[in-house]
Each structure stands twice: as structure tokens, then as C-alpha cells.
Colleague: 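Handing you a structure now.
The shown structure was predicted, so the numbers you read here are calculated from the model rather than taken from an experiment. Atoms within each ligand, like the ligands themselves, are counted from 1 in listed order.
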Amino acid sequence: MALIVHKYGGTSMGSSERIRNVAKRVAKWARAGHQMVVVPSAMSGETNRLLGLASELAPSRADKSYYRELDMLAATGEQASSALLAIALQAEGVPSVSYTGWQVPVRTDDSYTKARIESIDDQRVRADLDAGRVVIVTGFQGIDPNGNITTLGRGGSDTSAVAVAAAMKAAECLIYTDVDGVYTTDPRVVSAAQRLKTVSFEEMLEMASLGSKVLQIRSVEFAGKYKVPMRVLSSFTPWDIALDEEAKSGTLITFEEDEKMEKALVSGIAFNRSEAKISVRGVPDTPGIAYQILGPVAEANIDVDVILQNIGKDGKTDFSFTVNQGDFNRTVELLREEVVPKLGADEVIGNPNICKVSIVGIGMRSHVGVASTMFRALAEEGINIQMISTSEIKTSVVIDEKYLELAVRALHTAFGLDSAEVSKSA
Ligand code: ADP
Ligand code: ASP
Ligand code: MG
């Protein structure tokens with residue numbers, strides 16, 4: 001008997017039929033003798049629907065009191081699906097109870113809409129488990145030090161699940177979703193994508209941070225910090241498949257490098273459509289330029305990703321960087337009002353129609369020439385690279401958004417990922 005955490009995403013919880021299916025699957029695990037904690041997301045589309053209503057009423061609000069209400073609102077989606085799952089489990093004859101984030105409690109900071117979990121009290125949950133109940137903990141939400149409801153950022157139920165698993169010292173955290181594991185790239189974009197039987201924690205961290213939304217990045221960070229065994233698998237297999245078979249399906253996130261395992265040079269390709277590029281043209285080419293441009297941006301709490309400073313000419317240069325699309329207008333305004341007049345720069349131009357495509361692989365550490373293979377593959381497709389950024393196990397390029405799918409497909413082929421052989425330890 002083990003303590004197991006299951007997480008079910010929005011599509012998996014998308015209708016009464018699917019919730020019933022989840023209940024039957026969880027009941028199977030409980031009847032096999034496991035102590036079960038289940039973390040559901042809101043039913044698919046519900047979080048978007050709720051946030052859409054808010055922006056109809058206040059299209060451009062961006063202050064803390066507004067974000068507080070957004071969290072009050074968005075958290076209701078998970079509360080509803082948690083109660084529905086408890087009802088479905090009880091209907092299956094399985095004793096079950098659901099708790100909101102504040103009832104557990106899941107304590108977070110007060111960064112509304114992107115709060116960070118600080119601690120989780122395990123007592124209440126443990127008491128229910130010991131009394132033989134399946135415990136449902138609402139995903140995505142927590143409570144701040146002043147008792148306000150918070151949410152953990154889009155896709156945050158993954159993080160709730162892993163954090164609960166860490167707090168409860170669960171034997172495993174199983175993330176059930178609408179694909180049957182982590183693939184070499186998004187299988188909805190590249191049909192040749194291959195499922196990885198295992199993926200290293202470091203690669204998964206990079207892929208999540210570079211845009212693969214199969215796992216929220218903070219969930220992977222938590223898994224790494226607390227060494228939570230974690231697996232991504234499908235909620236769409238028949239609920240009554242053998243438990244042993246189900247427990248071995250999908251993709252396992254691994255923490256130790258297996259020396260014997262032949263490492264693929266590149267394990268995956270991630271992409272992000274939600275960045276935008278901003279260029280400050282004609283800035284005086286003097287020391288301190290990056291600080292004078294990016295200092296005010298950082299003070300406004302705007303995250304900057306890829307940065308490029310061109311070679312100067314006639315004492316002037318261009319300085320470009322990317323931000324999240326949601327921060328685009330704010331950043332352009334800020335630069336036009338505060339930075340351009342102060343620096344005597346020529347102009348600020350913005351381009352929201354870009355995307356970032358990244359190759360990821362721990363094999364890149366020990367091999368040269370990986371980036372050049374990437375650049376060649378893109379050149380052969382006539383795709384212009386606007387910006388480049390590299391780290392030990394990834395190379396990212398910023399390109400025109402219209403080439404996204406072409407670029408991902410070309411890279412997938414160039415790195416030999418189309419072949420089923422890449423499925424590590426297959
Ligand atoms: P859930 O609602 O279960 O949390 P998400 O939509 O957040 O599901 O994440 C699953 C989706 O992630 C898949 O449907 C797939 O389109 C997308 N995805 C992106 N990159 C990958 C990848 N490398 N492997 C698998 N899925 C991916
Ligand atoms: N319901 C939230 C979202 O749509 C959290 C989640 O699904 O993980 O982002
Ligand atoms: Mg998700």
C-alpha cells in the first residue's frame with residue numbers, strides 16, 4: 001500500500017462522463033489498497049470563461065486589487081470540479097471528501113495570479129486518509145498570509161499536485177492528461193513527434209520553461225527540489241486497464257543520469273508563441289545602455305527573456321529584447337515615455353508576431369556543432385533567425401511566428417527525432 005497523488009487536467013475533467021471515468025479510475029487505485037489524494041483542474045474552458053467575464057467588465061485593469069478578485073473568481077473553477085469528483089466517487093461507493101486550498105491549507109505568498117506555494121499542512125488530509133477516505137485537494141489555488149485566495153498561474157494544478165505529493169511524502173505523483181506522455185515536441189503540432197519513455201528532470205525543466213505546456217514549470221521545480229517521483233500519462237485509456245500496466249505507462253521524469261543509456265543529442269523541441277519583441281533603435285552606443293533600458297523594465301516587474309544588442313555604427317546601436325505578450329503594450333509605453341527621451345534614442349518598435357523555438361538535450365553538453373545543425377536546418381527552409389540565446393543544454397531562436405510549424409518540423413527531422421528509436425530505453 002502506498003500513498004499516491006493523481007492529478008487530472010481540464011480535458012480529463014471536461015464533462016460529467018469524464019469525471020465519472022476519473023472517479024472509476026481513482027476507485028480502482030483505492031480498492032487496490034492505495035491511499036489516494038486527487039488534485040483536479042477546472043473543467044476545460046472554465047478558467048478562460050471566468051477570466052473572459054472579468055476582462056469584459058474591466059478590459060485594461062492591472063492593479064493588485066483587481067488581481068485579487070481574479071483569483072477569487074478563477075479559483076471557483078477548481079472548487080466546482082473537486083466537489084463534482086467527490087460526488088462521483090461517493091456514487092461509486094468510495095468515501096471521499098474535497099478541500100479547497102484554504103481548507104487544507106495550501107499557504108502561498110500574495111502574488112495574485114502567480115502565487116508561490118510556501119507550505120502545505122498535511123494533518124487534515126492525513127487524518128482523512130487514515131479514516132479510509134479519498135481526499136480531493138483543489139488544484140491551482142492557495143491562501144495568502146492575510147487569508148485571501150490566491151492562484152498559482154495558468155497550468156498551476158500540476159504544481160498543486162507535485163507540492164501536495166512532496167508535503168505528503170507520496171510514493172508517486174501521476175499527472176493524467178489528454179496525451180499519453182511527454183513527446184519530443186507537441187504532438188498536436190508535429191504528427192511525427194515520439195513519446196519519451198523517460199525524460200531527465202533537467203530536460204523537462206528546460207522544455208517547460210521554454211513553452212511546452214504539458215507541465216507547468218514550477219511543478220517540475222518542485223519535483224526536482226523534493227525528488228518527487230513523477231509520471232505523465234493519459235486519462236483517456238480505459239479506466240479498467242490493469243493497474244500495473246497503467247502504473248508503468250506514459251513518461252517518467254528521472255533524476256539520475258543513466259550512464260548506460262545512449263543519450264539523444266537533442267531530446268525535445270519546445271516553442272513559445274506568447275512572446276513579443278521590442279527594439280529600441282538608435283541608442284547611443286555607450287556603457288550602461290542595457291541597464292538604462294532594462295532597469296526601468298525590471299522595476300515595472302516585467303520579465304525579459306532573449307536580449308540582443310547590435311554592433312554599433314556611428315556611435316549608435318539598436319537594442320532588442322523579448323517579453324511576454326501580456327506585457328508588450330505596457331513595455332512599449334514605458335520605453336516611449338521614460339527611456340527614449342532620457343537616452344535620446346530614435347524610436348521604439350514592437351513586433352508581437354514572433355515566436356521562440358528551442359532545442360533541448362543534455363547530450364548538447366558534450367557535443368559541439370548542435371547549434372550549427374539547427375541553424376543549417378532553418379536556413380534550408382529559408383527561415384530568418386532574428387535572435388539567438390543559448391545555455392548548456394538548450395539553444396533558442398526567435399523567428400517570425402508564421403514559420404513556427406515549419407521550423408519545428410524541420411528541426412524535428414534534422415535531429416533524427418522523427419524515428420521511433422528516439423524513445424529512450426524503448
Ligand atoms: P491538462 O489540462 O491536462 O493540464 P495541458 O493542455 O495543460 O493539459 O497540457 C497537455 C498538452 O500539452 C497536450 O495536449 C499537448 O498539446 C501539449 N504539449 C506541448 N508540448 C508537449 C510535449 N512535448 N509533449 C506532450 N504534450 C505537449
Ligand atoms: N484551471 C487552471 C488553468 O486553466 C489551472 C490548470 O488547469 O492547471 O490554467
Ligand atoms: Mg496543464
Colleague: Between the side chain of D121 and the main-chain N/O of V104, is any donor-acceptor distance below 3.5 Å?
Modeller: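 The answer is no, because no donor-acceptor pair under 3.5 Å joins these two groups.
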Colleague: Please work out whether any backbone atom (N, CA, C, O) or any side-chain heavy atom from C-beta onward of K7 is under 4.0 Å from ligand 1, and answer side chain, backbone, both or neither.
Modeller: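 K7 to ligand 1: side-chain contact only, backbone stays beyond 4.0 Å.
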Colleague: State whether the shortest distance between N or O atoms of G10 and N or O atoms of ligand 1 falls below 3.5 angstrom.
Modeller: yes
Colleague: With a cut-off of 4.0 Å, which atoms of ligand 2 are near a heavy atom of S41?
Modeller: 6 (C), 7 (O), 8 (O)
Colleague: Is any side-chain N of the basic residue among E118 and R107 closer than 4.0 Å to the acidic one's carboxylate O?
Modeller: no
Colleague: Counting heavy atoms only, name the option from D178, D186, T251 that's nearest to atom 10 (C) of ligand 1.
Modeller: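 The residue whose heavy atom sits nearest atom 10 (C) of ligand 1 is D178.
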Colleague: Which of parallel (below 30°), tilted (30 to 60°) and perpendicular (above 60°) describes Y226 and F222?
Modeller: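 Ring orientation, 0 to 90° scale: parallel.
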Colleague: May I ask you to list the atoms of ligand 2 that are less than 4.0 angstrom from any heavy atom of R154?
Modeller: 3 (C), 4 (O), 9 (O)
Colleague: Does some non-hydrogen atom of G9 fall short of 4.0 Å from ligand 2?
Modeller: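 G9 does not count as a contact of ligand 2 under the 4.0 Å cut-off.
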Colleague: Assign the ring pair W29 / H34 to parallel, tilted or perpendicular, where the plane angle (0 to 90°) is split at 30° and 60°.
Modeller: tilted
Colleague: Which one holds for Q216 and ligand 2: side chain close, backbone close, both close, or neither close, with close meaning a heavy atom under 4.0 Å?
Modeller: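 No part of Q216 is near ligand 2 at this cut-off.
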Colleague: Counting from 1, what ligand 2 atoms have a heavy atom of G155 closer than 4.0 Å?
Modeller: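 Atoms satisfying the 4.0 Å criterion: 3 (C), 5 (C), 6 (C), 8 (O), 9 (O).
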Colleague: Please check if the side chain of S111 supplies one atom and the backbone of K114 the other of a donor-acceptor pair under 3.5 Å.
Modeller: no
Colleague: Out of the candidates K64, R68, R116, only one should pair with D110 under the salt bridge (Lys or Arg N to Asp or Glu O under 4.0 Å) rule; please name it.
Modeller: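 So the option named by the test is K64.
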Colleague: To which protein heavy atom is atom 8 (O) of ligand 1 closest, and what is the distance rounded to 0.1 Å?
Modeller: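 Scanning the protein heavy atoms, the shortest distance from atom 8 (O) of ligand 1 goes to T177 OG1, 3.1 Å.
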Colleague: With no hydrogens and no angle check, is any side-chain donor or acceptor of E78 less than 3.5 Å from a backbone partner on A42?
Modeller: yes
